[in-house]
K.L.:
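What follows is a single structure, and I will ask about it in a moment.
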Amino acid sequence: MILEHIDFTQPTFYYILANIFFNPLFWNTVARAEYRSHVLTKLAGGNAYRGCYALAITIFSIGIFRDYLYNLALGYQPTHPALEAPLVQAAAYVLFAVGSVLVLSSMWALGVTGTYLGDYFGILMDERVTGFPFNVCDNPMYVGSSMNFLATALWHASPAGIFLSAIVYLVYQVALVFEGPFTTMIYAKRDQQKKD
């Protein structure tokens with residue numbers, strides 16, 4: 001069982017676990033506050049783009065910090081010999097490459113404001129992006145990020161990393177339960193206003 005190979009006494013395990021839960025909670029809470037009261041736009045002198053870019057920098061920065069904590073935590077966790085096999089290490093490379101392509105190409109397709117919740121600022125895309133990588137999977141940013149976490153876990157031969165990768169994926173799935181319908185509502189409202 002994977003849990004037998006996790007050192008639950010390490011504080012770094014709980015630091016990264018808290019950060020995994022915090023990040024999507026933070027960006028969803030802040031984005032909804034922006035949508036309802038335009039708090040970031042007001043703080044940015046009434047400029048929605050500046051507010052969105054400030055949020056983008058914040059989300060990117062806490063993501064980098066999360067990645068740092070993840071690597072730190074894995075360094076304090078035991079490894080498992082089965083995960084050191086050449087085939088597993090090769091799988092880590094492939095997962096990281098595919099995950100990175102999904103993340104980077106979705107950022108390219110959406111741009112900064114599309115990637116970092118610009119729709120909550122009223123910065124809406126003209127139409128839904130349906131080309132690559134969105135024609136491969138619905139949420140390539142989250143799928144790719146989850147793949148990168150798993151790739152890093154395999155690279156470090158870390159059962160704790162595999163467990164944490166599963167948590168990342170599950171947290172993203174929960175975030176999508178809130179993000180998907182809310183974003184759909186924003187665009188439906190825009191489309192209705194166009195008709196009126």
Side-chain angles (χ1 to χ4, degrees), residues 15-72 96 99-149 167-196:
Y15 299 157
I16 183 56
L17 195 58
N19 198 268
I20 287 168
F21 283 102
F22 171 78
N23 286 8
L25 181 63
F26 168 79
W27 71 63
N28 276 290
T29 302
V30 171
R32 285 186 185 223
E34 169 60 26
Y35 180 79
R36 292 194 172 96
S37 67
H38 306 291
V39 63
L40 295 177
T41 297
K42 289 174 186 173
L43 289 171
N47 187 312
Y49 281 89
R50 280 193 213 135
C52 184
Y53 287 132
L55 181 60
I57 290 167
T58 304
I59 292 171
F60 185 81
S61 298
I62 64 176
I64 295 295
F65 183 64
R66 178 202 56 201
D67 294 348
Y68 164 76
L69 288 177
Y70 183 65
N71 279 290
L72 182 68
F96 193 80
S100 296
V101 167
L102 290 175
V103 169
L104 295 173
S105 61
S106 61
M107 289 178 80
W108 180 262
L110 294 172
V112 172
T113 57
T115 300
Y116 293 103
L117 305 165
D119 37 14
Y120 290 72
F121 289 80
I123 306 166
L124 305 180
M125 303 194 74
D126 293 334
E127 57 189 47
R128 183 181 176 104
V129 177
T130 56
F132 184 80
F134 294 90
N135 59 355
V136 174
C137 60
D138 285 336
N139 301 289
M141 185 86 60
Y142 288 165
V143 172
S145 178
S146 299
M147 291 173 79
N148 287 344
F149 273 91
I167 298 295
V168 167
Y169 180 78
L170 291 172
V171 167
Y172 283 158
Q173 295 310 302
V174 170
L176 286 170
V177 169
F178 296 96
E179 291 173 12
F182 200 81
T183 303
T184 300
M185 179 273 300
I186 291 171
Y187 280 91
K189 191 174 179 181
R190 190 264 316 259
D191 293 343
Q192 185 59 44
Q193 287 172 346
K194 281 184 176 179
K195 289 179 184 176
D196 294 342

K.L.:
Within a radius of less than 6.0 Å around OH of Y68, do more than 12 heavy atoms belonging to other residues, nucleotides or ligands occur?
P.N.:
no
K.L.:
Which donor-acceptor pairs under 3.5 Å do the side chains of residues 111-118 make with protein atoms, sequence neighbours left out?
P.N.:
unit_1: T115; atom_1: OG1; unit_2: G111; atom_2: O; d: 2.7

K.L.:
Yes or no on side chain to side chain contact (heavy atoms under 4.5 Å, CB included) for M147 and V143, after CA distance, side-chain angles and deciding distance?
P.N.:
CA-CA 6 Å; M147 291 173 79; V143 172; 4.0 Å; yes
K.L.:
Can you sort out the partners of N28 under side chain to side chain donor-acceptor pair (under 3.5 Å), two or more places apart, ordered by chain and number?
P.N.:
E179
K.L.:
Before giving the answer on side chain to side chain contact (heavy atoms under 4.5 Å, CB included), spell out for L104 and W108 the whole-Å C-alpha distance, their side-chain angles and the decisive distance to 0.1 Å.
P.N.:
CA-CA 6 Å; L104 295 173; W108 180 262; over 6 Å; no
K.L.:
Judged by atom type as modelled, is there a donor-acceptor pair below 3.5 Å linking the side chain of S37 to the main-chain atoms of E34?
P.N.:
no
K.L.:
Please tabulate, for the side chains in residues 120-128, all donor-acceptor contacts under 3.5 angstrom to protein atoms that are two or more places apart in sequence or on a different chain.
P.N.:
none

K.L.:
Around atom OH of Y35, are there more than 12 heavy atoms of other residues, nucleotides or ligands at under 6.0 Å?
P.N.:
yes
K.L.:
Report the residues that fulfil side chain to side chain donor-acceptor pair (under 3.5 Å) with Q192, sequence neighbours left out, ordered by chain and then residue number.
P.N.:
D196
K.L.:
With T29, which residues qualify under side-chain contact (heavy atoms from CB on, under 4.5 Å), at least two apart?
P.N.:
L25
K.L.:
Which residues pass the side chain to side chain donor-acceptor pair (under 3.5 Å) test with N47, not counting sequence neighbours?
P.N.:
none
K.L.:
Are any of the side-chain heavy atoms of F182 and I186 separated by less than 4.5 Å?
P.N.:
yes
K.L.:
Testing the basics here: between V168 and S146, what is the closest heavy-atom pair and its distance to 0.1 Å?
P.N.:
CG1-OG, 4.1 Å
K.L.:
Identify all side-chain donor-acceptor contacts of residues 49-66 below 3.5 Å with residues at least two apart in sequence or on another chain.
P.N.:
unit_1: T58; atom_1: OG1; unit_2: A54; atom_2: O; d: 2.9
unit_1: S61; atom_1: OG; unit_2: I57; atom_2: O; d: 2.7
unit_1: R66; atom_1: NH1; unit_2: Y172; atom_2: OH; d: 3.1

K.L.:
Does F178, at its CZ atom, have more than 12 non-hydrogen atoms belonging to other residues, nucleotides or ligands within less than 6.0 Å?
P.N.:
no
K.L.:
For V171, give me all partners under side-chain contact (heavy atoms from CB on, under 4.5 Å), at least two apart in sequence or on another chain.
P.N.:
I20, F21, P24, I167
K.L.:
Which residues pass the side-chain contact (heavy atoms from CB on, under 4.5 Å) test with D67, sequence neighbours left out?
P.N.:
F149
K.L.:
Okay, side chain of S145, backbone of M141: is any donor-acceptor separation there less than 3.5 Å?
P.N.:
no
K.L.:
What residues form a ring pair (Phe, Tyr, Trp, His ring centres under 6.0 Å) with F26, not counting sequence neighbours?
P.N.:
F22
K.L.:
Taking the side chain as every heavy atom from C-beta outward, state whether L72 and I16 have any atom pair closer than 4.5 Å.
P.N.:
no
